[in-house]
Student: 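Got a structure for you, written out below as structure tokens; questions coming shortly.
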Amino acid sequence: MTTKTQIDRILKAHANGMAAAQIAARLAISVAEVTDVIRTGGHTPPPKPAPPTFSDVPLWE
């Protein structure tokens, strides 16, 4: 899990043209985490909606 500070540093370094492997090495995190942050722009995906509730009332009688 990357922190807010790491996300800011990743995005700033990427904007300056640094490669993802270099960013990962400098911050001591995996390249996959760096590419995920770059791909999403630092935004987390929205939470999934709650599943619908079902009633026990029969539809046909």
Student: Count I, L, V, M, F, W, Y as connected when their side-chain heavy atoms are under 4.5 Å apart, and connections chain through other members. Are V31 and I10 then in the same cluster?
Tutor: no
Student: Please name the pair of heavy atoms, one in I38 and one in L11, separated by the smallest distance, quoted to 0.1 Å.
Tutor: CA-CD2, 4.5 Å
Student: Any side-chain heavy atom of R26 sitting closer than 4.5 Å to one from R9?
Tutor: no
Student: Compare every heavy atom of G42 with every heavy atom of I7, then report the nearest pair and how far apart it is.
Tutor: CG2-CA, 3.7 Å
Student: For residues H14 and I23, report the shortest heavy-atom separation together with the two atoms involved.
Tutor: N-CD1, 3.9 Å
